[in-house]
Peer 1: 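One structure coming up, written as structure tokens, with questions to follow.
Chain letters run A, B, ... following the sequence lines, proteins first and then strands; every chain starts at 1. Everything numeric in this text was worked out from a predicted model, so none of it was measured.
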Amino acid sequence: MPELPEVETIKRELSAKLLGRRFSDVEIFDEKPLRGISPREFRRRLMGQRIEDISRSGKYLLFQLSSDETMIIHLRMTGALLLDPKEREKFTRIIFRFDGGTTLVFTDVRRFGAVYLVRNKADIVGRLGVEPLSEEFTPEVLAGLLAGRRAPIKAVLLDQTVIAGIGNMYADEALFSTGIHPLTPAGKLNSTQIRALHGAIRKILVRAIGSGGASVSTYRRPGGEIGTAHFDFKVAHCGGKKCPRCRAEIQRVRVRNRSSYYCPQCQELDRDVT
DNA sequence: CATTGTCCCTGGAAGC
DNA sequence: TGCTTCCAGGGACAAT
């Protein structure tokens, strides 16, 4: 469930502690997260490497190494990266140790998380769409991305090859904020709606980053602090509650086998348009 | 290419 | 109490 704001928060907190550190040991307790590389080879190629930079692309974390390789981690649903955890973690998959004694623990209950080590990071993140907080992402660009698409806007917002980093929670929030029904065909949005959606996406993501992400489900920050972005949620994770705007009951609808929460009053589906 | 559906995975909640 | 079923959902992949 970590989405862009959560991954950005993790990136910042890891950067503060890990930039310039060298790997002194790597312990692999579960090789499932390792993609396309054996535990032995993974460890060998990390040992002694210095972390030159930590960045984020969509929901991926990228660790630029002194060897010119990049370790890329995707936390998927339940993955977490913890710095010097006080207690032994139950679902520890990998432990990274660094010179100076810092420890980074990768935990993942459901084992969906993925860890890569590559020369060419584009092999992993090359197909991602536009970064929604970059200058490149304008209302005009968004309009171009949506034009002609018949898929529901919710499905398109979740498509990482279109826009990178938006997940289920923030897609629902952006649609509620703009009064757009999640099943509206993406190509049917008018320019006013697109402009509003563009603004809402940026505003909601920026605000959530400022709150350290949303501490719902299994999201955990590296240092153990709590994110508060979920206190701003109007519909996400609010099934059965009342709409803060009109008091109608928040509904759930399945869009591409994923739950979408929305207000049936504030986000009406225009029948002419479907 | 655009779009949709299935699978992966496991703990926790809900139902009986 | 204890068993079963459902649910969470990002992304790879296959199918259409």
Peer 1: If you look only at pairs with a residue in residues 32-85 of chain A, which of them pass as a ring-ring contact (aromatic ring centres under 6.0 Å, His included), with sequence neighbours excluded?
Peer 2: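 Those involving residues 32-85 of chain A are Y60(A)-H74(A).
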Peer 1: Going by salt bridge (Lys or Arg N to Asp or Glu O under 4.0 Å), name the residues that satisfy it together with E268(A), two or more places apart in sequence or in a different chain.
Peer 2: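 Checked E268(A) against salt bridge (Lys or Arg N to Asp or Glu O under 4.0 Å); zero matches.
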Peer 1: Who passes salt bridge (Lys or Arg N to Asp or Glu O under 4.0 Å) against D30(A), sequence neighbours left out?
Peer 2: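 Per chain and number, D30(A) pairs via salt bridge (Lys or Arg N to Asp or Glu O under 4.0 Å) with R93(A), R111(A).
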Peer 1: side-chain contact (heavy atoms from CB on, under 4.5 Å) for M71(A) and I73(A)? Distances and angles first, verdict last.
Peer 2: CA-CA 7 Å; M71(A) 178 172 74; I73(A) 297 182; 4.0 Å; yes
Peer 1: What is the separation between atom CD on E3(A) and atom C1' on dG10(C), rounded to the nearest whole Å?
Peer 2: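 Going from E3(A) (CD) to dG10(C) (C1'), I get 10 Å.
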Peer 1: For R150(A), give me all partners under salt bridge (Lys or Arg N to Asp or Glu O under 4.0 Å), at least two apart in sequence or on another chain.
Peer 2: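 Testing R150(A) for salt bridge (Lys or Arg N to Asp or Glu O under 4.0 Å), a comparison that skips the adjacent residues, returns none.
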Peer 1: Heavy atoms under 4.0 Å, any strand shown: does N168(A) hit a base, just sugar-phosphate, or nothing?
Peer 2: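 Since only primed, P, OP1 and OP2 atoms lie under 4.0 Å of N168(A), the category is sugar-phosphate.
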Peer 1: When you measure from every atom of DNA chain B, which of residues 142-164 of chain A have a heavy atom less than 4.0 Å away?
Peer 2: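 Residues of residues 142-164 of chain A under 4.0 Å from DNA chain B: R149(A), R150(A), A151(A), P152(A).
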Peer 1: Taking CZ from R252(A) and P from dC6(C), how many angstroms apart are they, rounded to a whole number?
Peer 2: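 Going from CZ in R252(A) over to P in dC6(C) covers 13 Å.
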Peer 1: What about R258(A), does its side chain sit under 3.5 Å from the base of dA8(C) through a donor-acceptor pair?
Peer 2: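 Per atom types, no contact qualifies.
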Peer 1: Do other residues, nucleotides or ligands put more than 12 heavy atoms under 6.0 Å from the CZ atom of R195(A)?
Peer 2: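 Result for CZ/R195(A): open.
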Peer 1: Would you say a side-chain N or O of H74(A) is under 4.0 Å from OP1 or OP2 of dG10(C)?
Peer 2: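 The answer is no; no side-chain N or O of H74(A) sits under 4.0 Å from OP1 or OP2.
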Peer 1: Under 4.0 Å between a side-chain N/O of Y261(A) and OP1 or OP2 of dA8(C), yes or no?
Peer 2: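 Yes, because at least one side-chain N or O of Y261(A) sits under 4.0 Å from OP1 or OP2 of dA8(C).
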Peer 1: What's the CG-C1' distance between L75(A) and dA8(C), to the nearest Å?
Peer 2: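 About 16 Å, once rounded to whole Å.
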Peer 1: Tell me, please, the opening and closing nucleotides of DNA chain B, 5' to 3', among those with an atom under 4.0 angstrom from a non-hydrogen atom of chain A.
Peer 2: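 On DNA chain B, the outermost contacted nucleotides are dT3(B) to dG11(B).
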Peer 1: Per the salt bridge (Lys or Arg N to Asp or Glu O under 4.0 Å) rule, what does the pair list look like for residues 119-136 of chain A, sequence neighbours excluded?
Peer 2: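 Sorted result for residues 119-136 of chain A: R56(A)-E131(A).
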Peer 1: Using the ring-ring contact (aromatic ring centres under 6.0 Å, His included) rule, collect all pairs that involve residues 135-193 of chain A, keeping only residues at least two apart or in two chains.
Peer 2: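 Of all non-adjacent pairs touching residues 135-193 of chain A, those that pass ring-ring contact (aromatic ring centres under 6.0 Å, His included) are F137(A)-H198(A), Y170(A)-F233(A), H181(A)-Y262(A).
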Peer 1: Hey, which sits more toward the 5' end of DNA chain B by its nearest nucleotide, R256(A) or V109(A)?
Peer 2: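 Looking at DNA chain B, the more 5' nearest nucleotide goes with R256(A).
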Peer 1: Identify, with sequence neighbours excluded, every residue that meets side chain to side chain donor-acceptor pair (under 3.5 Å) alongside S24(A).
Peer 2: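 In terms of side chain to side chain donor-acceptor pair (under 3.5 Å), with neighbours along the sequence ignored, S24(A) is linked to no residue.
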Peer 1: Measure the distance from CZ on R111(A) to C1' on dG11(C) and round it to the nearest whole Å.
Peer 2: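 Between C1' of dG11(C) and CZ of R111(A): 17 Å.
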Peer 1: So which pairs with a foot in residues 62-78 of chain A pass salt bridge (Lys or Arg N to Asp or Glu O under 4.0 Å), sequence neighbours left out?
Peer 2: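 Residue pairs with at least one partner in residues 62-78 of chain A: R45(A)-E69(A).
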Peer 1: Just to be sure I understand the rule, does Y219(A) reach a base, reach only the sugar-phosphate, or reach nothing, if contact means heavy atoms closer than 4.0 Å?
Peer 2: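 If one applies the 4.0 Å heavy-atom cut-off, Y219(A) turns out to touch nothing in the nucleic acid.
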Peer 1: More 5' along DNA chain B: R76(A) or K90(A), using each one's nearest nucleotide?
Peer 2: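 Comparing both residues, the 5'-ward one is R76(A).
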Peer 1: Report yes if a side-chain nitrogen or oxygen of R254(A) is closer than 4.0 Å to either non-bridging phosphate oxygen (OP1 or OP2) of dC6(C); otherwise report no.
Peer 2: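 No, no such contact exists.
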Peer 1: Rounded to whole Å, please give me the gap between CG in L128(A) and P in dG10(C).
Peer 2: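 For the pair L128(A) CG and dG10(C) P, the rounded distance is 14 Å.
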Peer 1: Can you name the salt bridge (Lys or Arg N to Asp or Glu O under 4.0 Å) partners of D25(A), sequence neighbours left out?
Peer 2: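 Partners of D25(A) under the salt bridge (Lys or Arg N to Asp or Glu O under 4.0 Å) test: R43(A).
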Peer 1: How far does the helix from dA2(B)-dT16(C) to dC16(B)-dG2(C) bend, going by the axes of its first and last five pairs, to the nearest 10°?
Peer 2: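 Rounded value for the end-axis angle: 50°.
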